[in-house]
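All heavy atoms count here, side chains included; hydrogens, waters and symmetry mates do not. Chain A is the first sequence line, chain B the second, and so forth, proteins listed ahead of strands; every chain is numbered from 1.
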2 protein chains.
Amino acid sequence: MSESASSTVPTLGAVAVACCSPLVSEPLSADEALRIAPVLKALAEPVRLRLLSLVASHADGEACVCDLQDAFELSQPTISHHLKVLHQVGLLDRSKRGVWVYYRVREDALADLGALLAVPAPVAAR
Amino acid sequence: MSESASSTVPTLGAVAVACCSPLVSEPLSADEALRIAPVLKALAEPVRLRLLSLVASHADGEACVCDLQDAFELSQPTISHHLKVLHQVGLLDRSKRGVWVYYRVREDALADLGALLAVPAPVAAR
DNA sequence: CTCAGACATAGGCACTCGTCAATGTTGACA
DNA sequence: TGTCAACATTGACGAGTGCCTATGTCTGAG
């Protein structure tokens, strides 16, 4: 089963990030940077950050749009737009059940991003 | 109004990120999102991603602007601008020695970002 | 002191992005 | 069939961003 009917489209997906060694290990190629930047750009917005966090910490790890809208003083199309952005870069999964649409965080994609930024071994200071 | 020789200037710094539990653990507050987003936004640009990666993987972990410019087909002011953005959010340290300015990755700030995106325990697939 | 090199700042332009109101689409139900 | 509710899409507008050229500010050499 894996995916719902509508989200079989890869968009650009987690694959975009799961490609490179950590940022600090070796110079990123121009191509790699072009693939990774959109994913970070999707995250680099206060509303989308909160949306992703809200979805992730929701019961069962998924939330429908109606649950998310109440947390913001923004119009419904705006929330819908932000969710679309997060979905397009592969950070959010989308599944429609009846009238409701449920979003779920793709933890693998998020973990890939985290690994990219993580500092390998000798961090020393802190 | 140039900053002091070393980067004692707070700008907004690594502190902005080292504040919150992982994104997926509990809902991010609006304030936290507003602090974190600019740091991610600084990274969410292909040239800046490569710049940071270049600096990090350079000998001794630091690089002067002259070394970085040659890696891009961009004007010197553009590179300078991108470095400034990375420095302002606390991802890059700046130190002037003679005529040259050396940048160094703040690994603690980067690691904090990585920790924010990391998924705590049950990652499952990969 | 004068000059040249390394880097930063200023200002302008084209483009992208976040937001909204209006409208479209789809599924549940009477 | 008709109607309501949940989301998505469209189109427009102001604000922000990346790039450039031109100019400014240091610092070391001569």
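By the side chain to side chain donor-acceptor pair (under 3.5 Å) test, B:Thr78 pairs with B:Ser75, sequence neighbours left out. Taking B:Ser29 as the reference, B:Glu32 meet the side chain to side chain donor-acceptor pair (under 3.5 Å) condition, with sequence neighbours excluded.
Overall, the helix from C:dC1-D:dG30 to C:dA30-D:dT1 carries an axis bend of 10° between its ends, with five pairs at each end and the value rounded to 10°.
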| request: Spell out protein contact along nucleotides 14-30 of chain C as letters: B when the base is contacted, S when just the sugar-phosphate is, - when no protein heavy atom is under 4.0 Å; keep the 5' to 3' order. | output: ----SBBBB---SSS--
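Distances shown here put every side-chain N or O of A:Lys84 at or beyond 4.0 Å from the OP1 or OP2 atom of D:dA8. Phosphate proximity of D:dA8 to A:Arg94: present, with a side-chain N or O under 4.0 Å from OP1 or OP2. Proximity of A:Tyr103 to the phosphate of D:dA6: no side-chain N or O atom is located under 4.0 Å from OP1 or OP2.
Scanning both residues, B:Leu92 and B:Arg106, for their nearest heavy atoms gives C-CG, 4.3 Å.
Side-chain heavy atoms closer than 4.5 Å link hydrophobic residues (I, L, V, M, F, W, Y) into clusters, and following such links, even through other members, never connects B:Tyr102 to B:Leu86. When the side chains of ILVMFWY residues are joined at heavy-atom separations under 4.5 Å, either directly or via intervening members, A:Leu74 and A:Leu68 end up in a single hydrophobic cluster.
Between the CG atom of B:Asp70 and the P atom of C:dC7 there is a distance of 10 Å, given to the nearest Å.
Pairs passing the salt bridge (charged side-chain N to carboxylate O under 4.0 Å, His left out) check and including a residue from residues 59-69 of chain A, sequence neighbours excluded, read A:Glu62-A:Arg97, A:Glu62-A:Arg104. The stretch residues 75-89 of chain B participates, sequence neighbours left out, in no salt bridge (charged side-chain N to carboxylate O under 4.0 Å, His left out) pair at all. Sequence neighbours left out, the pairs with a member in residues 66-103 of chain B that pass disulfide bond (SG atoms under 2.5 Å apart) are B:Cys64-B:Cys66.
DNA chain C is contacted by B:Cys64, B:Val65, B:Cys66 of residues 54-69 of chain B, taking any non-hydrogen atom closer than 4.0 Å.
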Which donor-acceptor pairs under 3.5 Å do the side chains of residues 40-56 of chain B make with protein atoms, sequence neighbours left out?
residue: B:Glu45; atom: OE1; partner: B:Val47; partner atom: N; Å: 2.9
residue: B:Glu45; atom: OE1; partner: B:Arg48; partner atom: N; Å: 3.3
residue: B:Arg48; atom: NE; partner: B:Ala42; partner atom: O; Å: 2.5
residue: B:Arg48; atom: NH1; partner: B:His82; partner atom: ND1; Å: 3.1
residue: B:Arg48; atom: NH2; partner: B:Lys41; partner atom: O; Å: 3.4
residue: B:Arg50; atom: NH2; partner: B:Ala71; partner atom: O; Å: 3.4
residue: B:Ser53; atom: OG; partner: A:Leu23; partner atom: O; Å: 2.8
residue: B:Ser53; atom: OG; partner: A:Glu26; partner atom: O; Å: 2.9
residue: B:Ser53; atom: OG; partner: A:Leu28; partner atom: N; Å: 2.9

